Amino acid sequence: MASPGHSDLGDVAPEIKASERRTAVAIADLEWREMAGDDCEFHYGDGTNEAQESDFPTVERSRLQEMLSLLGLEPYQVQKLSLQDALQISSDSMKNWAPQAPRDLPWNFLRKLQALNAEARSTTMVLDVAPDTRPVEKESQMEEEIIFWDTADDISADIYSFSELPTPDTPVNPLDLLCALLHSSDSFLQQEIVFKMSLCQFALPLVLPDPENHYHTFLLWAMRGAVRTWWSPPPRAAGGFREDSPGLSRAPAFAFVRMEVSSNSKSQLLNAMLSPGHRQRDCFWHRDLSLGTNPREIADGLVEISWFLPSGREDLDIFPEPVAFLNLRGDIGSHWLQFKLLTEVASAVFILTDNISKKEYKLLYSMKGSATKYYFILSPYRGKRNTNLRFLNRLIPVLKMDHSHVLVKVSSTDSAGFVRRVRAIVAHVTRSPCRRVSVEDMAHAARKLGLKVDEDCEECQRAKDRMERITRKIKDSDAYRRDELRLGDPWRKAAQVEKELCQVQWAGDPPEKSRAELRHRLLELRAQQNGHEPAWGLQEFISGLSSPSLGEKQYFLRWMEWGLARVAQPRPRQPPETLLPLRPKHCAAVDGSEPPWPEPLGVEHFLREMGQFYEAESCLVEAGKLAAGQRRFAHFPGLALELLLKGLPLELIDGNTLSPPLRWVTGLLKELHVRLERRARLVVLSALGAPGTGKSTLLNTMFGLRFAGRGSGPRGACMQLITVAESFSQDLGCDHILVIDSGGLVGGVLAEAGERFEREAALATLIMGLSNVTVVSLAETRDVPPAILHAFLRLEKTGHMPNYQFVYQNLHDVSVPGSRPRERRQLGDQPGDVSRATAQLERQGDGIRTLADLAFCDPEKQHIWHIPGLWHGVPPMAAVSLGYSEAIFELKRCLLENIRNGLSNQNKNIQQLIELVRRL
């Protein structure tokens with residue numbers, strides 16, 4: 001799974017005890033002091049020096065706690081915020097609200113980030129104050145006192161070390177908000193925050209500073225979830241698309257740092273370098289953005305990372321391969337440990353400064369012999385020109401520079417030309433033999449310097465070891481499924497027998513002999529399954545789920561997801577314009593008549609095997625062939641339910657057989673009823689549509705879920721559980737929302753094989769029949785799939801019609817940020833062959849019927865949504881468009897309003913849902 005460390009960085013033990021780490025930091029402190037000289041005050045990572053540490057210990061040690069208290073996050077320092085806390089449905093989920101106090105900011109940021117809102121970092125407070133409490137004269141006076149320097153980039157941390165902490169009516173710097181939220185979140189919420197930030201094209205936190213204890217954290221675990229798809233040209237062949245975490249791939253890295261004060265902004269320079277053409281991307285937060293001039297209180301020392309990822313288009317690709325860019329917030333003299341890390345991992349370091357003092361000269365002189373290239377970007381009109389030249393002439397031979405390594409940028413410099421020049425330097429370094437590192441390699445270097453690495457905790461390492469023991473034995477995914485997960489083949493046969501048995505029972509007056517023969521065949525197949533013992537790999541998997549530590553279970557499942565993804569056989573890649581990485585995934589519309597895509601080996605295959613052991617045993621107990629006291633697998637639903645309660649999707653309909661494992665699903669729901677106790681009222685919300693119409697992306701963006709799209713997950717229908725806050729459950733009328741994603745069950749066109757179409761129609765009917773609310777996701781150029789149309793016809797007869805919304809998604813418009821006017825299609829405009837086939841299947845003799853003919857479909861009250869294009873720009877460097885995010889929020893608000901107003905089917909408790917599953 002994990003790639004070995006880079007040879008330049010060396011290998012270190014995966015865990016360093018706290019005392020050993022502090023010793024390493026202390027030794028490094030002494031070495032740095034000796035190299036810098038006796039006249040150089042040593043600065044800790046939070047911007048204080050030794051004198052400050054002794055004179056003002058209370059102020060500095062309480063700064064983080066004061067910020068956490070201001071943001072209302074202090075209670076979460078012992079019991080951290082979890083992913084379930086962030087995804088909970090509350091009254092705020094239905095409001096496009098603006099924060100009115102600092103304690104509202106973290107929740108507003110999380111809500112916007114969940115919706116992939118490109119303006120998540122730009123949140124400002126709307127203060128609820130009387131108009132006359134702030135005279136105009138006072139505001140003008142305040143504005144005159146503001147120094148509009150780049151406090152997000154260019155002002156030394158020392159200037160603000162003892163400034164007043166923000167008050168409730170003072171805006172909080174977005175970087176402080178991010179750091180405070182990460183300090184208050186558990187590992188899994190941190191990972192989700194980083195993943196969502198990567199989809200929004202925000203720079204990602206790599207080193208999280210701790211201004212109170214100087215115990216900075218390298219966020220390796222948090223970075224693992226950021227999976228993207230980019231163009232990867234092989235050395236000698238046609239290129240292809242690669243889906244992976246950029247952090248696990250080795251690439252040249254370039255660090256941008258500030259020395260004392262610089263008139264030039266690192267962040268703006270980096271944004272310009274990452275932006276093709278004239279479209280500026282605000283990947284790194286900078287001073288010209290909203291709140292950009294607010295002083296940082298706890299974020300100095302933060303190291304951010306972002307990647308340029310190629311798309312395969314020469315007109316858009318700035319560099320032909322992935323390139324990492326690192327940005328240190330604050331002055332290198334105040335954050336030498338982070339600077340030292342950057343010098344050990346970067347291919348080149350760009351130092352922005354106006355002045356080179358004696359202290360900084362000595363620090364840089366200590367870099368003698370480093371393999372890293374150094375470049376200076378100076379603004380001499382504000383600095384001491386002669387002093388700078390004198391120190392530079394001394395540094396040139398020491399750092400192996402020449403005069404081309406010194407760039408000058410003043411106000412009259414052509415900005416576009418300067419950006420091209422820096423890009424050319426980066427391109428030249430990448431073409432030359434240079435250091436290439438992954439985030440894992442950076443973590444090795446961080447450990448050596450004494451930084452804490454987030455995934456070095458015992459729970460995470462034990463879970464990783466177990467995953468590696470399992471995946472080490474997987475040489476071929478297909479062979480492993482066949483030889484180790486052995487219940488799949490008899491389950492396919494049993495599913496067919498159960499289908500035939502169901503058809504015979506509904507045939508009116510079936511021969512008893514036929515039913516007896518089918519039951520006998522079914523019991524034989526179940527006995528055959530029950531005769532197997534769980535394979536070694538499955539036993540290890542079950543042991544991982546049985547860990548008494550809830551955190552270790554979650555770590556284990558994440559490790560298994562990544563480990564299996566890396567050993568899975570390569571899958572065909574699609575153009576990046578149609579891809580949204582991993583969770584959520586968004587693909588172009590495809591022809592439903594194409595053969596099913598190969599299903600990669602995943603966690604769901606192990607859970608299916610567990611489900612079949614439970615199914616076989618339950619079937620034999622029901623038939624009296626096995627005593628209840630001899631059951632060995634009765635606890636399996638409880639193990640799987642832990643995953644559902646922690647936000648992982650579970651299969652409702654098996655993607656292999658396209659059949660619902662009835663006993664397994666019933667066992668899960670019974671266990672859920674026991675766990676939820678008094679909070680058992682459910683609303684079922686489902687999404688149906690042909691593969692590639694963006695339904696998984698829609699659900700993930702709407703509720704922050706983890707459904708995988710076509711080609712990256714199971715073909716079957718999956719379910720996830722969302723908790724409704726107790727304070728809102730009475731108003732909404734339910735305690736939980738069970739969300740069902742139909743996956744790849746429904747094809748886009750009428751299949752030639754009648755049996756396949758019947759199966760699709762039956763499964764669509766099952767899912768819609770269970771649902772209170774159904775979203776039908778359609779491509780702009782496609783019509784309602786015939787299987788879904790057929791499900792509507794069936795449900796109309798039963799009177800069980802869910803509240804429905806039709807969502808047309810513009811899948812190909814990747815460059816327009818907002819919605820465009822579109823011709824509103826009438827749902828009755830169905831092609832004749834689809835309607836004819838549907839009517840024939842229903843054996844209706846009164847002519848061809850379309851969706852508009854149905855009684856429930858009022859053309860004047862059609863529930864139709866037109867969603868703009870997903871991307872703003874061209875992936876993989878495109879962010880999710882603001883228009884898409886806002887449209888999805890409005891759809892979510894509409895769905896919740898319908899649930900609250902009782903427009904959906906009557907809400908169910910879990911016992912009623914169990915009975916409904918059986919009947920359907």
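Small disclaimer: the values here were computed from a predicted structure and weren't measured.
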Q: Can you check side-chain contact (heavy atoms from CB on, under 4.5 Å) on Lys409 and Leu407, steps first, answer last?
A: CA-CA 7 Å; Lys409 185 178 185 300; Leu407 312 178; over 6 Å; no
Q: State, with a plain yes or no, whether a side-chain heavy atom of Met223 is found less than 4.5 Å away from one of Leu206.
A: yes
Q: Looking only at atom types and distance, does a side-chain atom of Arg258 sit under 3.5 Å from a main-chain N or O of Arg329, one as donor and one as acceptor?
A: no
Q: What residues, two or more places apart in sequence or in another chain, satisfy side chain to side chain donor-acceptor pair (under 3.5 Å) together with Asp454?
A: none
Q: Would you call Arg706-Glu561 a salt bridge at under 4.0 Å N-O?
A: yes
Q: Do side-chain atoms of His444 reach the backbone of Asp441 as a donor and acceptor pair under 3.5 angstrom?
A: no
Q: So which heavy atom on Ala708 is nearest to which on Asp741, and how close?
A: O-OD2, 4.4 Å
Q: Could you tell me which non-hydrogen atom of Phe202 sits nearest to which non-hydrogen atom of Asn117, and how far apart they are?
A: CZ-O, 4.0 Å
Q: Could you report the tightest heavy-atom contact between Pro322 and Trp230, atom names first, then the distance?
A: CG-NE1, 3.3 Å
Q: For Tyr555, check ring pair (Phe, Tyr, Trp, His ring centres under 6.0 Å) against everything at least two apart and list the hits.
A: Phe188, Trp221
Q: Would the distance check show the side chain of Ser742 and the main-chain N or O of Ala687 forming a donor-acceptor pair, the cut-off being under 3.5 Å?
A: yes
Q: Can you check whether Phe284's main-chain N or O pairs, donor with acceptor, with Asn271's side chain at less than 3.5 Å?
A: yes
Q: Between Gln190 (side chain) and Leu182 (backbone), is there a donor-acceptor pair under 3.5 Å?
A: yes
Q: Ignoring hydrogens and geometry beyond distance, is a side-chain donor-acceptor pair present between Arg436 and Thr430 at under 3.5 Å?
A: no
Q: For Met702, is there any backbone N or O sitting under 3.5 Å from a side-chain donor or acceptor partner on Lys892?
A: yes
Q: Asp317 and Gly312: which non-hydrogen atoms are nearest, and at how many Å?
A: OD2-N, 2.9 Å
Q: Are the side chain of Glu243 and the backbone of Thr229 linked by a donor-acceptor contact shorter than 3.5 Å?
A: no
Q: Is there side-chain contact between His428 and Ser432, with at least one heavy-atom pair below 4.5 Å?
A: yes
Q: Please report the interatomic distance OH(Tyr375) to CZ(Phe350), rounded to the nearest 0.5 Å.
A: 6.0 Å
Q: So Phe254 and Ile425, side-chain contact (heavy atoms from CB on, under 4.5 Å) or not? Walk me through it.
A: CA-CA 11 Å; Phe254 295 85; Ile425 293 172; over 6 Å; no
Q: Give, for atom CG of Leu564 and atom OH of Tyr480, the distance between the pair rounded to the nearest 0.5 Å.
A: 8.5 Å
Q: Would you give the length of the straight line joining atom OG of Ser777 to atom CZ of Phe806, rounded to the nearest 0.5 angstrom?
A: 11.5 Å
Q: Is a side-chain N or O of Ser198 found less than 3.5 angstrom from the main chain of Phe195, in a donor-acceptor match?
A: yes
Q: Rounded to the nearest 0.5 Å, what's the gap from CZ on Phe308 to OG on Ser275? Could you check?
A: 10.5 Å
Q: For the residue pair Ala86 and Leu110, what are the closest heavy atoms and their distance?
A: CB-CD1, 4.1 Å
Q: Just verifying a value: how many Å separate Asp282 CG and Cys200 SG, rounded to the nearest 0.5 Å?
A: 13.0 Å
Q: Any donor and acceptor pair, going by atom type alone, linking the side chain of Lys475 with main-chain N or O of Arg472 inside 3.5 Å?
A: yes
Q: Checking Thr697 against Asn700: is there a side-chain donor and acceptor pair closer than 3.5 Å?
A: no
Q: Any Lys/Arg nitrogen of Glu440 or Arg224 sitting under 4.0 Å from an Asp/Glu carboxylate oxygen of the other?
A: yes
Q: Leu698 vs Tyr884, test: side-chain contact (heavy atoms from CB on, under 4.5 Å). Steps then yes/no.
A: CA-CA 9 Å; Leu698 182 148; Tyr884 179 86; 4.3 Å; yes
Q: Counting C-beta onward and ignoring hydrogens, is there a side-chain heavy-atom pair between Leu870 and Thr701 closer than 4.5 Å?
A: no
Q: Can you find a pair of side-chain heavy atoms, one from Met877 and one from Arg281, that are under 4.5 Å apart?
A: yes
Q: List the atom of Val345, the atom of Ala253, and the distance in Å for their closest heavy-atom pair.
A: O-CB, 4.1 Å
Q: Does Gln201 use its side chain to pair, donor to acceptor, with the backbone of Pro876 at less than 3.5 Å?
A: yes
Q: Below 4.5 Å, heavy atoms only, C-beta onward: do Arg481 and Leu601 meet side chain to side chain?
A: yes
Q: Are Trp231 and Phe241, when compared by the centres of their aromatic rings, separated by less than 6.0 Å?
A: yes
Q: Determine, for Glu304 against Lys266, whether the closest basic-nitrogen to carboxylate-oxygen distance falls under 4.0 angstrom.
A: no
Q: Do Leu269 and Ile377 have side chains that approach each other closer than 4.5 Å (heavy atoms only, starting at C-beta)?
A: yes
Q: Are Thr471 and Arg566 linked by a side-chain donor-acceptor pair shorter than 3.5 Å?
A: no
Q: Mind checking whether Phe319 and Pro252 have side chains closer than 4.5 Å, heavy atoms only?
A: no
Q: Do Pro875 and Ser311 touch side chain to side chain, with heavy atoms closer than 4.5 Å?
A: no
Q: Could you give the distance from CG (Leu270) to CG (Leu326), rounded to the nearest 0.5 Å?
A: 9.0 Å
Q: Using the rule given for side-chain contact (heavy atoms from CB on, under 4.5 Å), can you reason through Phe707 versus Val739, listing the C-alpha separation, both sets of side-chain angles and the distance that settles it, and then say yes or no?
A: CA-CA 10 Å; Phe707 290 121; Val739 183; 3.9 Å; yes
